[in-house]
S.K.: 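Below is the structure I would like to discuss, written out as structure tokens.
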Amino acid sequence: MQAASRESYRVAAERLDEYVRGAEPSVVTATADDLLSVAALLRREPRLRRALSDPARSGTDRSGLLGDMLRGRIGTDALDLLAVLVSGRWSTPSELLGGVERLGVEALLAGSDKAGELGEVEDELFRFGQVVAGSPELSNALSDPMVPAARRATLVDQLLVGKARPVTGYLVGVALSGFGGRSFTGALTRLVEMAADRRDRQVAYVTVAAPLTDEEERRLGARLSAMYGREVSVKQTVAPEVLGGVSVRVGSDLYDGTVLRRLNETRNALAKR
């Protein structure tokens with residue numbers, strides 16, 4: 001987002017946090033559903049996106065237009081949050097769409113957090129991403145824009161029924177729609193990171209040849225937390241091809257201590273002789 005859009009989103013996000021503090025989890029989740037339904041509407045209606053982000057209109061005019069269209073169709077809590085959002089300045093119509101969508105996701109995560117299940121949702125999203133990454137056929141089926149969204153959503157429901165929380169399934173559906181203009185797998189990764197951030201944690205993606213024990217994972221997490229000054233959520237991927245050692249990625253930082261990396265470095269060094 002450009003500066004003006006970031007500031008408009010910040011104001012709405014602060015209002016969301018105030019709202020969440022005094023609301024029940026189920027009410028917050030219902031508000032999130034309303035926000036995401038409006039995001040879907042804006043995705044379908046480019047003229048509406050332009051009207052609600054038009055800098056030639058005052059913020060009051062834009063929020064009034066929104067109210068005229070949606071009053072009675074969504075809850076008053078969602079409408080109030082959207083009024084704050086659209087009354088701000090938006091650099092482009094697409095950034096307004098991104099702001100509405102992100103606010104809806106943050107509300108969904110906040111409701112899950114209040115219900116005490118956000119850590120589990122975070123893990124379920126990550127594990128589902130691993131399942132998809134491990135199956136090219138499934139990855140193609142869920143990522144193919146030529147496959148109707150309803151069919152892909154049905155496939156996700158079949159895969160997750162009885163195995164994940166409803167909020168997890170909802171968020172996977174958000175990823176299917178291309179959250180933030182990302183690919184399906186990119187959207188899943190971003191949602192995992194947003195869930196961790198809502199819990200004030202940093203995500204560490206750890207790749208190993210064999211699973212770490214609980215104690216090894218705890219020690220690694222503690223070491224990374226000390227390095228980054230923040231609790232770290234370790235997400236472990238087992239890849240036998242790395243042969244041994246550990247690769248850790250935190251944000252843009254990569255620490256690759258795998259046997260495979262050392263072998264590749266040795267091979268490259270010998271090739272230069």
S.K.: How long is the span from the CG atom in Leu96 to the CG atom in Leu85, to the nearest 0.5 Å?
M.R.: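 That separation rounds to 6.0 Å.
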S.K.: How long is the straight-line distance from CZ of Arg43 back to CG of Leu36, given to the nearest 0.5 Å?
M.R.: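 CZ of Arg43 is found 9.0 Å from CG of Leu36.
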S.K.: Looking at residues at least two apart in the chain, or sitting in another chain, which of them share a side-chain contact (heavy atoms from CB on, under 4.5 Å) with Ala4?
M.R.: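 Listed in chain order: Arg89, Ser91.
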S.K.: Side chain to side chain contact (heavy atoms under 4.5 Å, CB included) for Ser37 and Arg73? Distances and angles first, verdict last.
M.R.: CA-CA 10 Å; Ser37 70; Arg73 298 173 60 187; over 6 Å; no
S.K.: Hey, could you give me the NZ/CD distance between Lys114 and Glu24, rounded to the nearest 0.5 Å?
M.R.: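 Going from NZ on Lys114 over to CD on Glu24, the span is 6.5 Å.
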S.K.: Could you tell me which non-hydrogen atom of Tyr228 sits nearest to which non-hydrogen atom of Asp253, and how far apart they are?
M.R.: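 Where Tyr228 meets Asp253 most closely, the heavy atoms are OH-OD2, 2.8 Å.
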S.K.: Can you give me the closest heavy-atom contact between Phe179 and Ala187, atom names plus distance?
M.R.: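 Smallest heavy-atom distance, with atoms named: CB-CB, 3.9 Å.
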S.K.: Is there a side-chain contact between Phe184 and Val132 (heavy atoms, below 4.5 Å)?
M.R.: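 They are in side-chain contact.
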S.K.: If the threshold is 4.0 Å, N to carboxylate O, is there a salt bridge linking Asp80 and Arg15?
M.R.: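 The answer is no: the pair does not qualify as a salt bridge.
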S.K.: Consider only side-chain heavy atoms of I, L, V, M, F, W and Y, link residues closer than 4.5 Å, and tell whether Val131 and Val147 are in one cluster.
M.R.: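 No, it is not one cluster - the side chains of Val131 and Val147 are not joined through contacts under 4.5 Å.
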S.K.: What I'd like to find out is whether the side chain of Leu65 reaches to under 4.5 Å of the side chain of Arg57, using heavy atoms alone.
M.R.: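 Yes, their side chains come closer than 4.5 Å.
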S.K.: Is there a continuous path of hydrophobic side-chain contacts, each under 4.5 Å between heavy atoms, that joins Val28 to Leu79?
M.R.: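 Yes.
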S.K.: Quick one: does Gln202's side chain have a donor or acceptor within less than 3.5 Å of a partner on Ser233's backbone?
M.R.: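 No: the side chain of Gln202 does not pair with the backbone of Ser233.
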S.K.: Apply side chain to side chain contact (heavy atoms under 4.5 Å, CB included) to the pair Ile74 and Leu82, showing each step before the final yes or no.
M.R.: CA-CA 11 Å; Ile74 63 174; Leu82 288 166; 3.7 Å; yes
S.K.: Is there a side-chain contact between Leu48 and Met69, using heavy atoms and a 4.5 Å cut-off?
M.R.: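 Yes, at least one pair of side-chain atoms sits under 4.5 Å.
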S.K.: Between the side chains of Arg10 and Glu14, is the shortest nitrogen-to-carboxylate-oxygen separation below 4.0 Å, so that they form an ion pair?
M.R.: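 A salt bridge links Glu14 with Arg10.
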S.K.: Output yes when a side-chain donor or acceptor of Ser63 lies under 3.5 Å from a complementary backbone atom of Gly59, and no otherwise.
M.R.: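 Indeed, once roles are kept as given, a pair shorter than 3.5 Å links the two residues.
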S.K.: Looking at Asp200 and Arg230, does any basic side-chain N land under 4.0 Å from a carboxylate oxygen?
M.R.: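 Between Arg230 and Asp200 there is a salt bridge, with a charged N closer than 4.0 Å to a carboxylate O.
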S.K.: Output, in order, the C-alpha distance, side-chain angles, deciding distance and verdict of side chain to side chain contact (heavy atoms under 4.5 Å, CB included) for Leu52 and Leu66.
M.R.: CA-CA 7 Å; Leu52 292 175; Leu66 182 80; 3.8 Å; yes
S.K.: If every non-hydrogen atom of Leu155 is compared with every non-hydrogen atom of Ala141, which pair is closest and at what distance?
M.R.: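 Smallest heavy-atom distance, with atoms named: CD2-CB, 4.2 Å.
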S.K.: If you count heavy atoms of other groups shown closer than 6.0 angstrom to CZ of Arg151, is the number above 12?
M.R.: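 No, CZ of Arg151 has 12 or fewer neighbouring heavy atoms, counting only those of other groups under 6.0 Å.
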S.K.: Cation-pi between Arg6 and Tyr9: NZ/CZ under 6.0 Å from ring centre and within 45° of the ring axis?
M.R.: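 Output no; distance or angle outside limits.
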S.K.: Is Arg190 paired with Asp197 through a side-chain N to carboxylate O contact shorter than 4.0 Å?
M.R.: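 A salt bridge is absent here (no side-chain N lies under 4.0 Å from a carboxylate O).
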S.K.: Working to the nearest 0.5 angstrom, can you tell me the gap between Arg199 CZ and Ser112 OG?
M.R.: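 These two atoms lie 9.5 Å from each other.
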S.K.: Side-chain contact, heavy-atom cut-off 4.5 Å: Ser53 with Val86?
M.R.: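 No - every pair of side-chain heavy atoms lies 4.5 Å or more apart.
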S.K.: For residues Ser247 and Tyr255, determine if any side-chain heavy atom of one lies less than 4.5 Å from a side-chain heavy atom of the other.
M.R.: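 The answer is no; the side chains never approach within 4.5 Å.
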S.K.: Does anything in residues 125-136 pair up under side chain to side chain donor-acceptor pair (under 3.5 Å), and if so which pairs, sequence neighbours excluded?
M.R.: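 For residues 125-136, and leaving out neighbouring residues, the side chain to side chain donor-acceptor pair (under 3.5 Å) pairs sorted by first residue read Gln130-Thr237.
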S.K.: Decide side chain to side chain contact (heavy atoms under 4.5 Å, CB included) for Val84 and Leu16; before the verdict, give the C-alpha distance in whole Å, the side-chain angles of both, and the deciding distance to 0.1 Å.
M.R.: CA-CA 10 Å; Val84 173; Leu16 172 65; over 6 Å; no
S.K.: Hey, is CD on Glu18 packed in by over 12 heavy atoms from elsewhere, all under 6.0 Å?
M.R.: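 It does: Glu18 CD has more than 12 such atoms within range.
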S.K.: For Leu142, does its backbone N or O pair with a side-chain atom of Arg152 as donor and acceptor, under 3.5 Å?
M.R.: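 The answer is yes, because a donor-acceptor pair under 3.5 Å joins these two groups.
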S.K.: Rounded to the nearest 0.5 Å, how far apart are OG of Ser225 and CZ of Arg223?
M.R.: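 Taking OG in Ser225 and CZ in Arg223, the distance rounds to 11.0 Å.
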S.K.: Is it the case that one hydrophobic cluster holds both Met194 and Leu97, taking links as side-chain heavy atoms less than 4.5 Å apart, direct or via other members?
M.R.: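 No, Met194 does not connect to Leu97 through the hydrophobic network.
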S.K.: Quick check: do Met227 and Leu224 have side-chain heavy atoms less than 4.5 Å from each other?
M.R.: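 They are in side-chain contact.
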S.K.: Show your reasoning for whether salt bridge (charged side-chain N to carboxylate O under 4.0 Å, His left out) applies to Arg219 and Glu215.
M.R.: CA-CA 6 Å; Arg219 289 202 307 267; Glu215 177 60 20; 3.7 Å; yes
S.K.: For Pro211 and Gln236, work out which heavy atoms get closest and say how close.
M.R.: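 Scanning both residues completely, I find the closest heavy atoms to be CA-OE1, 3.1 Å.
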S.K.: Answer yes or no: is there a side-chain heavy-atom contact under 4.5 Å between Leu109 and Leu171?
M.R.: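 Yes - at least one pair of side-chain heavy atoms lies under 4.5 Å apart.
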S.K.: Kindly indicate whether the side chain of Asp256, heavy atoms from C-beta on, has any atom under 4.5 Å from the side chain of Val242.
M.R.: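 No. Closest side-chain heavy atoms not under 4.5 Å.
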S.K.: Which atom pair, heavy atoms only, marks the closest approach of Arg198 to Asp17?
M.R.: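 What the structure gives for the nearest pair is NH1-OD1, 3.5 Å.
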S.K.: At what distance, to the nearest 0.5 angstrom, does CG of Leu70 lie from OG1 of Thr76?
M.R.: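 These two atoms lie 13.0 Å from each other.
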S.K.: So with a 6.0 Å cut-off around CG of Asp214, is the heavy-atom count from everything else above 12?
M.R.: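 Incorrect, the count does not exceed 12.
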S.K.: Under the 3.5 angstrom rule, does the side chain of Arg62 hit a backbone N or O of Asp54 as a donor-acceptor pair?
M.R.: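 The answer is yes, because a donor-acceptor pair under 3.5 Å joins these two groups.
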S.K.: Indicate, with yes or no, if Val156 and Val121 share a hydrophobic cluster defined by side-chain heavy-atom contacts under 4.5 Å among Ile, Leu, Val, Met, Phe, Trp and Tyr.
M.R.: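 Yes, same cluster.
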S.K.: Give the minimum heavy-atom separation between Ala209 and Val238, together with the two atoms involved.
M.R.: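 Smallest interatomic distance, heavy atoms only, reads O-CG1, 3.5 Å.
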S.K.: Checking side chain to side chain donor-acceptor pair (under 3.5 Å) for the pair Thr92/Ser94: CA distance, chi angles, key distance, verdict?
M.R.: CA-CA 5 Å; Thr92 65; Ser94 62; 3.1 Å; yes
S.K.: Verify whether one side chain among Glu193 and Tyr205 offers a donor that lies under 3.5 Å from an acceptor in the other.
M.R.: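 Yes, Tyr205 and Glu193 have a side-chain donor paired with an acceptor closer than 3.5 Å.
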S.K.: So if you build clusters from Ile, Leu, Val, Met, Phe, Trp, Tyr with side-chain heavy-atom gaps below 4.5 Å, do Val192 and Val234 land together?
M.R.: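 As far as the 4.5 Å side-chain criterion goes, Val234 and Val192 are not connected within one cluster.
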S.K.: What I want to check is whether the side chains of Thr31 and Tyr19 have a donor and an acceptor closer together than 3.5 Å.
M.R.: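 Side chains of Thr31 and Tyr19: pair found under 3.5 Å.
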